[in-house]
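Everything on this sheet refers to the single structure shown next.
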Amino acid sequence: MRIKTWEDYEKAYARSVNDPEGFWGDIAGEFVWRKKWNTALQWNFDEPKIEWFKGAKLNITENCLDRHLSTRGNKLALIWEPNEPKEKFIRLTYRELLEKVCQFANVLKKNGAKKGDRICIYMPMVPELEIAVLACARIGAVHSVIFAGFSANAIADRVNDAQASMILTSDGLYRGNKEIPVKRVVDEALEHCTSVKKVIVVERTQWAVHMEPGRDVWYHDEVATVDKVCPAEEMDAEDMLFILYTSGSTGKPKGVVHTCGGYMVYTAYTFQNVFQVEESDVFWCTADVGWVTGHSYIVYGPLLSGATTVMFEGVPTYPSPGRFWQVIDKYGVNQFYTAPTAIRSLMAMGEDHVLAYSLDSLKLLGSVGEPINEEAWQWYNIHVGKERCPIVDTWWQTETGGIMISALGNTGPIKPAHAGYPLPGVQPVLLDNEGKEIEGNDVEGYLCIKFPWPSMIRTTYGDHERCRQTYFANYKGYYFTGDGARRDKDGMYRIIGRVDDVINVSGHRFGTAEIENAINANDHVVESAVVGYPHDIKGQGIYAYVITKDQGAKEDILRAEIVETIVEQIGRIAKPDKIQFVPGLPKTRSGKIMRRILRKIAEGDTSNLGDTTTLLDPDVVDVIKNGYIKD
Ligand code: PRX
């Protein structure tokens with residue numbers, strides 16, 4: 001299933017379009033199934049109903065772990081690099097990882113977890129996080145990982161939406177020079193959750209934490225009492241594997257649902273072809289397992305492929321801006337996959353940090369999460385890749401499960417800041433305002449996908465109609481990505497960015513409504529409007545326009561209070577960059593906020609605000625313009 005040349009790609013692509021079931025059926029045939037499927041694909045985008053390999057039976061962890069034992073039992077599956085460079089790293093072979101997964105799975109069972117239960121995981125980037133994810137999959141429980149930077153409120157929303165029966169967490173967390181009392185945050189969340197019966201706590205920081213009798217247990221106590229073997233639960237290909245919450249244009253994050261069979265086939269296929277990982281290579285994806293990138297390219301894709309991965313607990317700038325490069329040299333990393341925001345922040349700190357390391361082992365670089373600007377691309381190419389490593393700019397989404405548009409190693413042409421061509425099996429189109437396909441090249445439009453691929457979103461948990469409305473109702477017969485894109489003269493795709501009310505801050509998605517709801521929770525606030533604006537490091541920054549009850553009050557104090565409310569409601573990652581207090585918002589006569597005007601002002605461009613005379617209160621635009629916060 002490995003594509004090695006451009007001809008291989010063209011052949012695979014053509015077959016994936018002409019005979020999708022045969023194409024994916026052959027790839028799926030390389031995995032271990034307890035029972036094969038009858039039909040590879042049944043679908044319609046109207047309901048939507050998408051079923052891949054329906055009726056087939058499997059357990060994804062058998063494919064990630066057990067399957068490799070005869071050939072790769074003693075091969076490293078995981079190399080864990082702690083936050084503190086002086087702390088000892090951890091290495092786990094495939095055999096050891098399987099044993100640990102089975103033990104954790106038995107701990108889950110001992111505490112009452114069973115197939116179909118939803119289990120939330122809120123943990124630092126420690127090996128137990130990966131082990132916990134796989135342990136859930138082992139017993140057929142549905143994992144819902146919540147990035148350990150979200151607030152107690154955000155956890156409670158997700159736990160309640162999924163009606164989770166268990167939370168897996170840790171005592172505390174180290175991230176750079178920050179320390180987060182993870183368990184305390186969970187305790188706070190649980191004051192608002194009735195579905196959770198058990199909390200399993202992994203020891204990471206050895207801080208004293210409250211343990212609720214009857215509810216909370218220490219992982220290290222439990223694990224001492226269980227067996228090292230745990231048979232894998234048999235799952236249908238279309239049984240849920242996980243829920244991952246992501247932001248959209250409405251206030252409430254939605255639980256994107258992925259299923260076992262299709263997700264397995266697609267993440268393995270894309271991992272192998274995009275990154276071109278060889279048997280003895282070491283692969284490093286710097287994402288957090290709390291995001292989809294970590295799910296697909298730290299946990300599942302690499303393990304399904306028998307690869308060795310690095311998992312890193314810390315941040316790129318701690319203890320120095322050379323940390324990434326030091327870790328690459330330390331483990332001889334061959335493929336390195338990170339986000340543009342990290343590259344830009346390291347770029348801003350100068351070349352010396354990267355030039356201090358050899359980086360000889362690198363063969364390929366990857367980028368994900370947001371458009372990479374040309375300057376950052378060049379810096380990455382010259383100083384990290386030494387102009388000898390292909391850069392794969394991988395476009396995809398939580399909803400797509402795996403990489404959709406990207407170069408496949410150096411098998412084809414690569415252009416800075418362009419994701420490139422679609423992967424085999426992916427049929428992108430650009431639509432115009434009327435929903436008509438735009439033919440030919442050198443064109444721009446709404447990016448949609450017109451045919452199913454195995455790891456696509458199946459539903460939004462507990463609310464199928466929301467899934468239909470969000471992704472399948474805008475343009476009948478198409479999956480709508482929410483992104484705008486350009487197809488250049490060579491047919492290569494360049495992602496322009498979101499066309500909906502989603503802001504992408506450092507590769508993290510937030511709905512403007514979600515942040516507005518958080519701001520409005522502050523007692524002093526009457527109303528607010530949030531927009532994104534171009535930010536040198538983060539890609540997009542958050543600009544909030546806020547109307548307060550007590551105009552004339554000390555702005556700095558109010559600002560600090562509002563920030564605190566957002567931290568409480570969502571988490572530190574959603575902190576706005578700029579808060580401007582305004583007496584009113586530009587609204588149409590029907591009361592709709594004219595975000596286009598607010599966006600322009602936030603961009604610092606007021607040259608062409610369009611016709612504002614039809615607004616309810618046209619004068620407010622000048623007041624907002626005059627109060628624009630530059631930096
Ligand atoms: O706008 C696109 C942007 O990130 C969005 C998806 O965000 P999320 O679901 O959090 O997943 C991020 C990791 C896969 C997309 O709608 N995006 C992602 N990758 C790229 C990108 N924009 C441009 N280029 C990319 N390579």
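Along the sequence shown, residues are numbered consecutively beginning with 1. For ligands, and for the atoms within them, numbers begin at 1 and follow the listed sequence. Because only heavy atoms are used, hydrogens play no part in the values below, and waters and symmetry mates are left out as well, while side chains stay in. This one's a predicted model, so the numbers in the text were calculated from it and none came from an experiment.
For Trp291 and Tyr297, the gap between ring centers reaches or exceeds 6.0 Å.
Between Asp483 and ligand 1, an N or O atom pair is found at a separation short of 3.5 Å. For ligand 1, the polar-atom distance check finds an N/O of Gly369 within less than 3.5 Å of one of the ligand's N/O atoms. At least one N/O-N/O distance between Gln397 and ligand 1 falls below 3.5 Å. The distance criterion of under 3.5 Å between nitrogen or oxygen atoms is met by Arg498 with respect to ligand 1. Note: no N/O pair closer than 3.5 Å links Ser367 and ligand 1 by distance alone.
If you check the side chains of Asp8 and Thr5, you find a donor sitting under 3.5 Å from an acceptor.
Test His464, Glu238, His258 against Arg458 for side-chain hydrogen bond (donor to acceptor under 3.5 Å, both in side chains) and you get one pass: Glu238.
Comparing Pro371, Ala485, Ala339 against atom 22 (N) of ligand 1, the shortest heavy-atom distance belongs to Pro371.
Aromatic ring orientation, Tyr380 versus Phe336: perpendicular (interplanar angle above 60°, classes split at 30° and 60°).
Taking the ring axis of Tyr533 as reference, the NZ or CZ atom of Arg599 does not stay both within 45° of it and closer than 6.0 Å to the ring centre.
Among residues at least two apart or in separate chains, salt bridge (Lys or Arg N to Asp or Glu O under 4.0 Å) pairs with a member in residues 251-261 are Asp161-Lys252.
Near Trp396, the atoms of ligand 1 lying under 4.0 angstrom from a non-hydrogen atom of the residue are 6 (C), 14 (C), 15 (C), 18 (C), 19 (N).
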